[in-house]
Amino acid sequence: MQGRTLTSDKPLLVLGIETTCDETAAAVIERQGDGTGRILSNIVRSQTEEHARFGGVVPEIAARAHVDVLDHLVDTAMKEAGIDYAQLSGVAAAAGPGLIGGVIVGLTTAKAIAMVRNTPLVAVNHLEAHALTPRLTCALAFPYCLFLASGGHTQIVAVVGVGNYVRLGTTLDDAMGEAFDKVAKMLQLAYPGGPQVERMAAGGDPTRFAFPRPMLGRADANFSLSGLKTAVRNEISRLTPLETKDVSDLCASFQAAVLDSTADRLSVGLRLFAEKFGPARALVAAGGVAANHAIRGALQDVAAKAQSTLVIPPPALCTDNGAMIAWAGAERLALGMCDAMDAAPRARWLLDANAAVPAGFANSRAGF
Ligand code: KG4
Ligand code: ZN
């Protein structure tokens, strides 16, 4: 950390850069001295088209695509915000966890801007940015309970303060979005698979296949999704060739199992939260999976049972974006935290530095 301290009562203007996966994003936010925030620009360019024919994200293609568009995106974000580089209080980039080629592109660009414009650099943990987003969207006070479910992460985390996170649960194998994507691929649905599975599930029978409800009733708040995925694969092999009705019923039954498991895991997570920090006033959902309407409904029930309020940022701020990186940068700058020019890009980066890796952990994509 560099020791360039800023006072928290000064408004901050921060540029944020996100390149950890398959979205290239740049944004400018303003943070007031009272801790409230405003988005001045937020530009996201998805690489879905580049990766679609491969059925998933190809790291090398992702890194090259970030290089192609990032300069222009940063420029557009600054112009749309109507500010000059000289006005920036700092520049933040996601320094991980994520696909290392992409992370290098974003972090190096931020370092160049910071150096040339003599402004502080903040190397942001992408997971911290998801965790702090509800403080931008609705000025949520600490502590709160976060359910983060995306293509690379599935965690329940107590958000205690900036830089202070306690992991309450995590997946032992696949991330939740990854499980949706893999099921979609098995069913030959388009990439990214989550929204396709949700769409097919809407017309299907969730009771036709009795898929396992992973981890149900366990005292810890961890997830496991690979067994469920295998059960779907076995059913597909048994039924092939599949009719449209089979695909719908498989999607609906898979989604129902995910919902039951998620509700159970989160109710344990909220109980663990209450034991450590008192009843959670808010349950926050973030990550692409939080866009799933059925999952939102399940979370609503879990939150209500725990007498907690469900907070879900707007979909564009649940999925990867630059505003969340800029905001996390601003929250750090307000506390006088910034990084040196040798800040390293990181493929893996724990949110809670002291977390033990759970027994049976075998996650391939998550950055823990
Ligand atoms: O947060 P995100 O945009 O990117 C990262 O992975 O960081 O999340 C993308 C993931 C993908 O796996 C996608 O299939 C899943 O979120 N997803 C969904 C839905 N929309 C996106 N999963 C289930 N239902 C959805 N409606
Ligand atoms: Zn993300």
Side-chain angles (χ1 to χ4, degrees), residues 16-25 44-48 51-52 55-57 59 62 93-99 102-103 106 124-133 146-155 157 171 174-187 189-202 204 223 225 228-229 232 251-252 254-259 261-262 284-299 312-325 327-328 347-349 351 363-368:
I17 294 173
E18 159 60 35
T19 53
T20 60
C21 192
D22 59 347
E23 265 98 22
T24 319
V44 181
R45 191 206 165 263
S46 169
Q47 301 175 355
T48 303
H51 301 291
V57 180
L99 300 173
V103 174
V124 168
N125 181 317
H126 176 97
L127 303 177
E128 173 168 66
H130 276 301
L132 297 177
T133 298
L146 171 76
F147 172 52
L148 176 61
S150 68
H153 317 284
T154 303
Q155 297 186 353
V157 178
T171 181
D174 290 351
M176 198 169 279
E178 183 182 4
F180 270 91
D181 292 339
K182 285 179 176 169
V183 165
K185 203 169 180 180
M186 290 180 225
L187 293 168
L189 300 173
Y191 163 85
Q196 307 298 331
V197 171
E198 180 178 12
R199 194 173 52 81
M200 293 304 289
F223 294 79
L225 291 145
L228 172 58
K229 184 188 65 190
V232 175
C251 287
F254 163 75
Q255 189 171 275
V258 173
L259 291 189
S261 177
T262 301
V284 175
V289 182
N292 183 299
H293 291 89
I295 287 184
R296 284 172 175 235
L299 297 185
I312 306 184
L317 296 176
C318 273
T319 50
D320 292 349
N321 65 88
M324 70 178 193
I325 306 298
W327 176 252
R348 289 173 177 260
W349 189 355
L351 187 54
N363 192 294
S364 55
R365 274 168 66 179
F368 317 114

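Note: hydrogens, waters and symmetry copies are ignored here, and every other heavy atom, side chains too, is used. First listed ligand is number 1; within each ligand, the first listed atom is number 1.
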Inset, instruction - Look only at interatomic distance and state if Thr319 has a nitrogen or oxygen under 3.5 Å from any nitrogen or oxygen of ligand 1. - result: no
Inset, instruction - Might you point out which heavy atoms bring Glu198 and Ala294 nearest each other, and give the distance in Å? - result: OE2-N, 4.0 Å
Legend entry - If only protein N, O or S atoms under 2.8 Å count, total around the Zn ion (ligand 2): 3
Legend entry - Plane angle bin for Phe254 and Phe180 - parallel if under 30°, tilted between 30 and 60°, otherwise perpendicular: perpendicular
Legend entry - Verdict with supporting geometry, Met324 and Leu132, side chain to side chain contact (heavy atoms under 4.5 Å, CB included): CA-CA 7 Å; Met324 70 178 193; Leu132 297 177; over 6 Å; no
Inset, instruction - Ignoring angles and geometry beyond distance, decide whether His153 reaches within less than 3.5 Å of ligand 1 through its nitrogen or oxygen atoms. - result: no
Legend entry - Smallest separation among heavy atoms of Ile325 and Val124, with atom names: O-CG2, 3.8 Å
Inset, instruction - Start with the C-alpha distance between Gln196 and Leu187, add both sets of side-chain angles, then the distance that settles side chain to side chain contact (heavy atoms under 4.5 Å, CB included), and finish with yes or no. - result: CA-CA 10 Å; Gln196 307 298 331; Leu187 293 168; over 6 Å; no
Inset, instruction - Indicate yes or no for a side-chain donor-acceptor contact from Arg296 to the backbone of Ala290 under 3.5 Å, with no hydrogens or angles considered. - result: yes
Inset, instruction - Decide whether an N or O pair under 3.5 Å exists between Cys318 and ligand 1. - result: no
Inset, instruction - Kindly identify the option in Ser46, Gly98, Gly194, Gly288 whose heavy atom sits closest to atom 21 (C) of ligand 1. - result: Gly288
Legend entry - Atoms in ligand 1 flagged as close to Asp181, the criterion being non-hydrogen separation under 4.0 Å: 11 (C), 12 (O), 13 (C), 14 (O)
Legend entry - Close-contact set for ligand 1 against Gly287 heavy atoms, below 4.0 Å: 1 (O)
Inset, instruction - Look at ligand 1 and say whether Cys21 reaches it with a heavy atom at a distance under 4.0 Å. - result: no
Inset, instruction - Measure from atom 26 (N) of ligand 1 to every heavy atom in Glu23, Lys182, Glu198, Glu18 and give the option owning the shortest one. - result: Glu198
Inset, instruction - Locate the shortest heavy-atom distance separating Gly322 from Ala25; write the atom from each residue and the value. - result: N-CB, 3.4 Å
Legend entry - Closest candidate by heavy atom, reference atom 10 (C) of ligand 1, pool Ala179, Ala149, Pro315, Gly151: Gly151
Legend entry - Shortest non-hydrogen contact from Glu23 toward Asp320: OE1-CB, 3.5 Å
Inset, instruction - Grab the two heavy atoms, one from Val183 and one from Val232, that are nearest each other, plus how far apart they are. - result: CG1-CG1, 4.2 Å
Inset, instruction - Keeping the roles fixed (side chain from Thr262, backbone from Val258), state whether a donor-acceptor pair exists under 3.5 Å. - result: yes
Inset, instruction - List every atom of ligand 1 that sits less than 4.0 Å from any heavy atom of Gly152, numbering the atoms from 1 in the order shown and giving each element. - result: 6 (O)
Inset, instruction - Heavy-atom contacts with Gly177 under 4.0 Å: which atoms of ligand 1 show up? List them by number with element. - result: 12 (O)
Legend entry - Heavy-atom pair of closest approach, residues Cys251 and Leu189: SG-CD1, 4.1 Å
